[in-house]
Amino acid sequence: MNPPLPSSIDAADGTGRSGLRRSTAVLVTGAGGEMGHAVLRELAERRINAVAIDIRELDPDTRALCRDAFIGDICDPGLLDRLLASYEIDEIHHLAALLSTRGEFAPETAHRVNVGGTLNLLHLAAEQARTHGRTVRFLFPSSIAVYGVPDLATKRRAGRVREDQFLEPRTMYGVNKLEGEHLGRYYERHYRLLAKDRTPMPVDFRSIRFPGILSAETVPSGGTSDYGPEMIHAAASGRAYACFVRPDTRIPFTTMPEAIRALLELAAAPKQSLSRIVYNIGGFSPSAEEFRLLAERAFPGAEVSFAPDAGRQSIVDSWPEDVDDSAARKDWGWAPTHTLESAFEEYLAPSVRSRYA
Ligand code: AKB
């Protein structure tokens, strides 16, 4: 089992919500989402006191992984006040977001949730730091959606994109994630710049730009990298799948266990070794056609066809083919362990197969 993170401070008093002293906890927003369940499971294994927020009631398995759960909107200050009445927060994993496809149907709502929610949580973190006199660590999953490569020829030429290239996102979600990164930098380095009583570095902001994520346990919804996981889950469950991007479409992917490992490794890295606040991590970059071939090999009889949707295609075409993650490798020792083949053979195919068995 992994050693506890340095931030793992359990309540020594055992007073819980009704006692006079508040328990220290790690806050996880979007706890009911794809990533939330996996993060909570890892925190529970490390015996870290986690408090969850989600817009919907958590399923019993996820609820059992946390000390407490608050159901409501991260934009509701009343909800955050209720939470702070019972807990001191010393670390936040802010996973709640409206993804790239869903965000294009309701851009203003996406902005309210993705940026307004992030701002509320950064403010909460800064206030916790001020009242308790210690920096609050803030983990923010950003996304390859912050990139906006102008056209396919440039995408092919660019290859592995660095963190500071092509930052002109096409989607509201990408705009919001980029804004989240900027807000994090501001709260860490410049918050209340002119105030006489300002707290230096109230927030220790750490962010990863995730590629598409493949989970064997859940099927995502509302994203544009969803064609990868949708294809695998459809193939495993014997459903025909019409892929909404062209066969030659290529973006980076990783698996859910690798994504969670990356987030927790970045959380545990010594601050002095971090030269950036936001890092790319790569994995493998198959074309949609390569995905199809692997899915058909792993699940004989799978029926995958291609029916590109022009709008969603244009979103994926604006994301890079691959990312340069050399900063993550150098600063905190990031090392992906899955290749596309091993991700399929060792993780996706067996787990997805047993899920639908
Ligand atoms: C999406 O497709 O919106 C997300 C992402 C790439 O961040 N999966």
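In this text the structure is predicted, and so the values were computed from the model without any measurement. Just so you know, ligand 1 is whichever comes first in the structure, and atom 1 is the first atom listed for that ligand.
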Engineer: Using links of under 4.5 Å between side-chain heavy atoms of ILVMFWY residues, direct or through other members, which residues join L293 in one cluster?
Structural biologist: none
Engineer: Taking R22 for the side chain and S86 for the main chain, is one N or O donor matched with an acceptor at less than 3.5 Å?
Structural biologist: no
Engineer: Could you tell me whether F284 and F253 have their ring centroids closer than 6.0 angstrom?
Structural biologist: no
Engineer: Relative to each other, are the rings of F138 and F205 parallel, tilted or perpendicular (30° and 60° limits)?
Structural biologist: parallel
Engineer: Please determine whether a side-chain nitrogen of the Lys or Arg among R170 and D317 lies less than 4.0 Å from a carboxylate oxygen of the Asp or Glu.
Structural biologist: no
Engineer: Please determine, by modelled atom types, if S100 and T224 share a side-chain donor-acceptor pair under 3.5 angstrom.
Structural biologist: yes
Engineer: Collect the protein residues that have a non-hydrogen atom under 4.0 Å from ligand 1 and hand them over in chain and number order.
Structural biologist: L99, S100, S143, Y173, G223, T224, S225, W319
